[in-house]
Amino acid sequence: MLNSQLSNRAVSIILIVSLIVPAAISTAVNLYLDPFEIFSIDKRNPGVFLGGRGRDRYQHAGTLRQYKPKSVIVGNSYAANFLPSHLESILNWNKVFSITLDGSSLYEQNRVLNFGLKFSQMENVMWLVSPSLFSAPFDYIYPKLPFPEYLYNGNHFDDLKLYTTLPNKIYRYSLERTDKLKKIDKESQRVGSPVDPRDRSTEWYSIHHAEFGRANYVAARIFKKSKVSQQDISPLANTKPLPKTDFSTGILSQDRLLNVSQNFQHNLLPLVRDYPEVSFTLIVHPPFPLLLWQHLKATNSREYFDQLLTLRYLVKALSPYPNVNIFGFGLSAHAWDLGMYKDGTHYHPRVNADMLSKISENEDTLNKSNILQYLLQFDAAVTQYQPNQKPHGT
Amino acid sequence: MLFYSFEFLYLFLPVVLIGYYLATYYGHTQLAVAYLVLCSLFFYGWWQYQYVVLLIISILFNYICGMRLREKPNRLLLIAAVVANLGAIAYFKYAGFLVFNLNQVSGSSLPIPNIVLPLAISFFTFQQIAWLHDNYTGNIASNETGFTKYCLFVVFFPQLIAGPIVHHSEMMPQFSENRRTKFNSTAFSAGLVIFIIGLAKKVGIADNLAPIANHTFDLALQPNQIISTAEAWMGSLAYTMQLYFDFSGYADMAIGIALLFNIRLPLNFNSPYKSLSISDFWRRWHMTLSRFLRDYVYIQLGGNRKGTARRYQALLATMILGGLWHGASWTFVLWGTLHGVYLVINHVWSKYSKRRIFPAIAWLITFIGVVIAWVFFRAETFSSALIILESMFLFEANTKVFDADGIKSLCFIFGTILVCVFLPNTQQLMSKKVSPLSIYNEETPVSRIAILSKLNTISLNWNIVGLCYVVALAMASILLLLDTTTVNEFIYFQF
C-alpha cells in the first residue's frame, strides 16, 4: 500500500493542504488570543495594556484602534512615566492614553501619533522630545527593537502580518497580559483603591524604583566609568575653560542642521500643521541632570551647543502655530539632584508630576521672545553647577 | 511580493490560478494570456509601481522594433534598438558608478546621481535584446508573434524579477498551444513539489547560512578587525552555499510556479558544485545567463572561429561583461575577470596538457577557485575582500569560533556542502515525473555524476512514502516562515 502510486490530484490536494494548514491554524490561534487587541477588545480582560520595550510597538496599535483616545502622551521612555490619570486630573484632559515607545526615534513616534490622529478625534497631545532625537536621520528606526510599521499604515490586511507567526510568541504575550492584570489587581488591593490600568501601560518606575537615590552611580554613568569617587564629580572651575558661544548668532553644524530640519519637516511639522484643532503640548527640553550637560560641554562642546541650538530652532520654527505650546524644563530644580535619576537621563516620576504641575500653571514656557534668555540662563547654570549644590532660590 | 510571502502564497497566486483556469475552461485562451499579463504587471507594480510605466514602454518599444526588423532586417535599426536598451540599463544601473569613477580619475566633483534601479531591468532587457537580434537574423518562428504573447514572454511573473532568463523560442510557442493552457494535473503536482523543494532551500538553508556569512563580511568592513582563518573560511564557504541555495531555491520556485500554469521554464542550475572544471561549472551555474552570454556576446565577439588568441579575448571580455551585469561595482568586474582567467587557464590546460587530474583534486581546485571568486562577489569593498582572502590563506588563530555555536555553524556549512556534492538535485529527484513532462530544454546538459553516482539516481516516488517526505518539507518550510521575524530578500533581486 505504501508503494502504490498516488494520483496527481491526490498529491496536489495533500500538498496544498500541507502548505495552508500550518499557517491557517497558527493565524487562527493568534487571532483568537489577540493579546494586543488589534482586531477586537479582549472581553475577558479588557483594558490591560502591555508596555515596555518591544511590546509597546504592537500594543499602541490596538490601543488606538479600540479605545480611540482623545488625548495622548507621546515620546520615548523619558515620557513613559507620565500617568494618564494625572493628566486627566491636573490638566483636565479627556480620555488620556500613553503611546510612548521606549528607545524610539522621532520617526517611530511620528508614525504612531499620525495613525492615532487619523483614526481618533483627538483633542490634546503631550509630546516630549529631547534635542538629541533630532540628530538622527529623519527616517531612523531604533535597530534593536523591530518597529511594525505595517500596523500603522491604515491597511487592515497588513495587520494580519502580526499574527502570521508561530503561536508560541503570541501565547507568551497573552500570558503576560493575564499576569499584568493580576499585578494590577494586587496593587489595587494593597492601596485600597482601583489602579487605573492605563497608568501601568508604559510606566517603568514600578520595575526600576530601587535604582533611584544613588547619586554616585548616576555620576559614574554620566562619566562612563565603572564607579566614581566624590573628587571625580569636580566643579568645572578645576578644568580648562569652556568655549563660549553666542546663542543669538551661533548656528547649527551643517550635518546637524540637515537632520534637525528634516526631522522637523517630516516628523513634527506635518502633524502640527495638518491638525490645527489639536492642542500640542511640546516638551522640548527634558530635565536631565545638569552634571550630564556639564560633562557634555566639557567633552564635546560642539554637540552641547548643537543640542541647545536645536531648541532655538524648534521654538522659532513652531512659533507660527498657535496650537503648539512649548515647554523647557532644563532648569527644573530636580536637575541639581542626582538622587532623582536612575541613570544619566531617566528621572523619578516626581519629576514628571512637577512638570505636569508647571504645565497646568503655564510656567516654563518657551517662545520666540524668551528662548535666548532661557538658553543663556541654562548655559550659566551648567557652567556654574557644582555637586550637592542647590538651585538658586531653594 | 516574495514567492514565500503570505500575500503571494495565499492571495495572489490562488487568485491568478483561479482566474487563469476559469478563462481557459471556457475556451478563452487569449483572455487567459492577457489576464496573466495583467497579473504579472500587478506583481511587478507591487514592488515598484512607478516603474510599471518603464516596463510597458520597454515592451512597446522592443516589440515595434522587433516587428520592423522582422519585416525588413535593418542593421542600423538593430544597433539603435540594442543601444537604447543598453542605454537604459547604463543610465539606471551604471550612471552613478561611471560618474563616481570619473570623479576619481579626473579629480572632478560632478554630482553623483542617486537613481533608483528598476527591479529586474537586467533580466527583461536581455530577454528583449535576444528577441530583437533573432528578428533581425530571421530566427523567429511563425508562432512567436502576437503582442499579448510577447508581453507575457517579457513579464511572466515567475521569471520576471530574477530569471531564469527565458528565450522567446522556448516561451512564446507555449502561449499559443491550446493544450498548454489547459489544466495538466501532472504538471500541477510536479510544480507544487518543485516549488516546495525551492522553498525549503531558501528558508531552511539559505536564510540560515546568511548570518554566518554576514558576520565575516561585516567584520571585514570594520577598521582594524582581525579575522581568524577559521572565520574567513566559514564566512566564505557559508556565502558560497547561501548563494547557491538562495538562487537555485528561487529558480525552483519559479519553475514550480510556472508549472502550475502548465508553462515550462528553462533549467538554471545543474549541481554546479559537482563540477570538475570551470568550464563544467559554467555549464551548470546560472545556465540561462551563460546561454545568453554565449549566444549574444561570446559568439558575436568571434567565439572560437577566429583563432585561439581571439577566442581567449572573447572569453575574458564575455566574463567581464557578465561580472558587470551583476552590478555597478569593481568587485563584480573583478569576479568576472577572475572567472575569465580561470576559463582561459582551463582551455589552455585542456588543449596542451595530456595529463588527467584525479577527479577529487579537480573538484577541489574548481571549488576553491569558485569560493575565492565569490569572496569578491559578496564583499562590499575590494579591501574587505582582500582582508578575508588574506585571512583564509595566512594562518590567523582564533579559538572563539570553536564554541558551541561555532561548531554548529561549521557542521551546518559542511552538511550543505555534502548535500550539494553527493545528493541528487531537484531535477534528478523529479526524474520520474520530469521525463513525461519534458520540462527541460533539450540543450540542457545531461547531469554528469561526479562522485558516488548511485546516490544521484535517487528520485522521488509518487507514492505515500515519497509524498510524506514532501509534506514534511512543506510543513517545515511554512513553520520556518512563520518563525521568521525579518524578511530576507532573494540575493539576485539586487540585479
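Note on naming: letters A, B, ... go to the chains in the order of the sequence lines (proteins, then strands), and numbering restarts at 1 for each one.
- Distance alone, capped at 3.5 Å, is enough to place a donor-acceptor pair between the A:T165 side chain and the B:L482 backbone.
- Other residues, nucleotides and ligands contribute more than 12 heavy atoms inside 6.0 Å of the OH atom of A:Y150.
- Atom CD of A:Q254 sits in a sparse spot, with 12 or fewer heavy atoms from other residues, nucleotides or ligands closer than 6.0 Å.
- Within the 4.5 angstrom heavy-atom criterion, atoms from both the backbone and the side chain of A:T164 approach chain B.
- In plain terms, the two heavy atoms of B:S189 and A:S12 that are nearest each other are CB-OG, 3.3 Å.
- Summarising the local packing, CD1 of A:I251 is surrounded by 12 or fewer heavy atoms from other residues, nucleotides or ligands at distances under 6.0 Å.
- For B:I196, the part lying under 4.5 angstrom from a heavy atom of chain A is the side chain only.
- Within the 4.5 Å cutoff, the side chain of B:L467 has heavy atoms near those of the A:L15 side chain.
- At most 12 heavy atoms of other shown residues, nucleotides or ligands fall within 6.0 angstrom of atom CZ in A:R9.
- With a threshold of 4.5 angstrom between heavy atoms, B:L479 approaches chain A through its backbone and through its side chain.
- For the atom pair B:F183 CZ and A:N8 CG, the distance stands at 8.5 Å (nearest 0.5 Å).
- The neighbour count for B:E380 CD, taken as heavy atoms of other residues, nucleotides or ligands under 6.0 Å away, does not exceed 12.
- The number of heavy-atom neighbours closer than 6.0 Å to OH of A:Y171, taken from other residues, nucleotides and ligands shown, is 12 or below.
- Distance check, rounded to the nearest 0.5 Å: CG of A:L166 to CD1 of B:I478 gives 11.0 Å.
- Scanning all heavy atoms of the two residues, the minimum distance from B:V471 to A:S18 falls at CG1-CB, 3.9 Å.
- Residues B:M475 and A:P22 have side chains in contact (heavy-atom distance under 4.5 Å, counting atoms from C-beta outward).
- Contact annotation for B:F6: only side-chain heavy atoms (C-beta onward) come within less than 4.5 Å of a heavy atom of chain A.
- In this structure, no portion of A:L160 lies under 4.5 Å from any heavy atom of chain B.
- Across every non-hydrogen atom of A:L19 and B:Y10, the tightest pair is O-OH, 2.5 Å.
- For the pair A:V11/B:L192, no side-chain contact is recorded, criterion being any heavy-atom separation below 4.5 Å from C-beta on.
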